[in-house]
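For reference, the structure discussed in these notes is given below.
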Amino acid sequence: MAFLRRCNVSKVLRFVRPQYAGAGCLQQRGLVQSGVAALEPPKFVKVPIVEESQSRLMEDMPDLVLGGHAPNYDQQSPYRTVPLDEAIGTIEDTAAEEAFPEPLFGRLENGVQVIAVDRQGLCSSLGLFVHTGSRYSREMACLPHMLELMAFRSSAHLSHLRTQKTLEQLGAAASCRVGREDVLFQMDVLREYVPVALPLMLANVLCPS
C-alpha cells in the first residue's frame, strides 16, 4: 500500500495490466492455440446397462473368515522353490505399455458418466462422485456429513461385518469425502479385485441398509 501511495495508481495499473490481460495476452503469446482453449470436448460413448444377478455377485465375494486361516491357507505356492535373486517371468516391452494412456469416456442410459484410464499399473483407484454436496442441503446441512459416516457400512447384499471383512481380505482402502459440490466414494484395490470392489462400492451408494 505504501508503494501505491508514492506512485501514480494509473501508471501502476498500466504496468501490471499487460501481464494479466486475459485472452488477449494469451493470443499474443500463442497459448490459446496450444493450450486449454484448443482442447476438444470429450466424446461420450453410450454404454448399455447390464443387470447382474445377486447370486453371481455373491459368488465373486471372498469367503467370510472371522478367525483363524482362510480355507486355502494350506495351498502351496508354485513359487516356493524359486530363490529371491531369480526372475519369475520375463516382461516383454509392448507398444501398448509404452503408449501414453488415453482416457475413455462413456455415458450410461441413466445419465451417469464414466471415465476410465488404464495406466497398466498393479493398483486401481475407483471413485464415485455424487453431485450432492453441502451447498444443496439448505434445511439439513448435516445430511452430507451423515452420508460420510454411513459410507461402507451395510447394504442390501452384505451386512456391516461382511462388508468390513471383505475390504480387509481384499486389502482395499475405502474412504468417503464430503465437499461443497459433491460426495466422493473412493476405493484403492489391486487391479484384479476391481470386479469385486466396484459392486461393493455401488451397493453402499444405491441400496444401503
Side-chain angles (χ1 to χ4, degrees), residues 42-73 101 103-209:
K43 298 180 181 179
F44 289 89
V45 180
K46 293 184 180 181
V47 180
I49 298 178
V50 179
E51 184 178 358
E52 294 182 335
S53 61
Q54 181 178 356
S55 59
R56 176 61 179 173
L57 296 177
M58 296 304 296
E59 290 178 359
D60 295 337
M61 295 295 172
D63 297 332
L64 180 61
V65 180
L66 299 179
H69 301 290
N72 58 350
Y73 175 76
L104 302 177
F105 301 91
R107 180 181 285 109
L108 302 181
E109 298 175 357
N110 54 4
V112 176
Q113 297 180 356
V114 182
I115 303 176
V117 180
D118 188 2
R119 299 187 178 182
Q120 306 294 331
L122 299 178
C123 299
S124 299
S125 297
L126 306 176
L128 177 62
F129 292 85
V130 183
H131 193 59
T132 168
S134 59
R135 62 173 298 184
Y136 303 103
S137 304
R138 299 180 180 179
E139 298 179 357
M140 300 181 62
C142 61
L143 186 59
H145 183 63
M146 183 186 67
L147 294 177
E148 181 182 6
L149 297 178
M150 295 177 59
F152 301 102
R153 296 292 179 178
S154 60
S155 62
H157 310 295
L158 301 176
S159 61
H160 184 198
L161 179 61
R162 185 67 183 275
T163 301
Q164 296 301 320
K165 284 297 181 180
T166 302
L167 295 177
E168 291 179 3
Q169 291 180 256
L170 297 180
S175 62
C176 179
R177 176 194 59 81
V178 175
R180 179 172 172 81
E181 300 292 338
D182 51 25
V183 179
L184 171 61
F185 297 87
Q186 186 176 4
M187 290 185 64
D188 295 334
V189 294
L190 293 177
R191 183 187 183 95
E192 57 267 23
Y193 295 154
V194 172
V196 181
L198 185 58
L200 192 147
M201 181 177 62
L202 294 178
N204 282 267
V205 179
L206 299 179
C207 51
S209 62

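All of these numbers come straight from a predicted model, not from anything done at the bench.
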To the nearest 0.5 angstrom, please state how far the CD atom of E181 sits from the CG atom of L184. 13.5 Å

Please report the C-alpha distance between V196 and V194 in whole Å, then the side-chain angles of each, then the deciding distance to 0.1 Å, and finally whether the side-chain contact (heavy atoms from CB on, under 4.5 Å) criterion is met. CA-CA 5 Å; V196 181; V194 172; over 6 Å; no

Looking at side-chain heavy atoms only, is the closest gap between L108 and V47 below 4.5 Å? yes

side-chain hydrogen bond (donor to acceptor under 3.5 Å, both in side chains) for S125 and D188? Distances and angles first, verdict last. CA-CA 5 Å; S125 297; D188 295 334; 3.0 Å; yes

Over all heavy atoms of both residues, which pair between E192 and P195 is shortest? Give the atoms and the distance, please. O-CD, 3.6 Å

Salt bridge (charged side-chain N to carboxylate O under 4.0 Å, His left out): pairs with one or both residues in residues 200-209, sequence neighbours excluded: none

Nearest 0.5 Å please: distance from the OG atom of S134 over to the CZ atom of R180. 6.0 Å

Among pairs that include at least one residue of residues 166-176, which meet salt bridge (charged side-chain N to carboxylate O under 4.0 Å, His left out), considering only residues two or more places apart or in two chains? K165-E168

Which is it for L200 and T166 under the side-chain contact (heavy atoms from CB on, under 4.5 Å) test, yes or no, and what are the steps along the way? CA-CA 9 Å; L200 192 147; T166 302; 3.6 Å; yes

Any side-chain heavy-atom pair of F185 and V205 under 4.5 Å: yes

Run the side-chain contact (heavy atoms from CB on, under 4.5 Å) check on I115 and L104 step by step: do they pass? CA-CA 6 Å; I115 303 176; L104 302 177; over 6 Å; no

Heavy-atom side-chain proximity of L149 to L147 below 4.5 angstrom: no

For L122, is the CG atom crowded, meaning more than 12 foreign heavy atoms sit under 6.0 Å from it? no

SB check K46 E109 (cutoff 4.0 Å): no

Minimum heavy-atom distance between M187 and M201, given as atom pair plus value: SD-CB, 3.7 Å

Smallest heavy-atom separation, L167 atom then A174 atom, equals CD1-CB, 4.1 Å

V183 vs C176, side-chain contact (heavy atoms from CB on, under 4.5 Å): CA-CA, chis, key distance, verdict: CA-CA 7 Å; V183 179; C176 179; 3.8 Å; yes

Listed partners of D118 passing salt bridge (charged side-chain N to carboxylate O under 4.0 Å, His left out), at least two apart: R191

Would you indicate whether H160, at its atom NE2, is surrounded by more than 12 heavy atoms from other residues, nucleotides or ligands within a distance under 6.0 Å? yes

For G106 against F44, the heavy-atom pair lying closest together: O-CD2, 3.5 Å

How many angstroms lie between atom CD of Q113 and atom CZ of F129, to the nearest 0.5 angstrom? 12.0 Å

What one should report as the nearest heavy-atom pair of S154 and S209 is OG-O, 2.8 Å

Spacing of D182 atom CG and R177 atom CZ [to the nearest 0.5 Å]: 5.5 Å

Kindly indicate whether the side chain of L190, heavy atoms from C-beta on, has any atom under 4.5 Å from the side chain of S124. no

Exercise: identify the closest heavy-atom pair between V178 and E148: CG2-CB, 3.4 Å

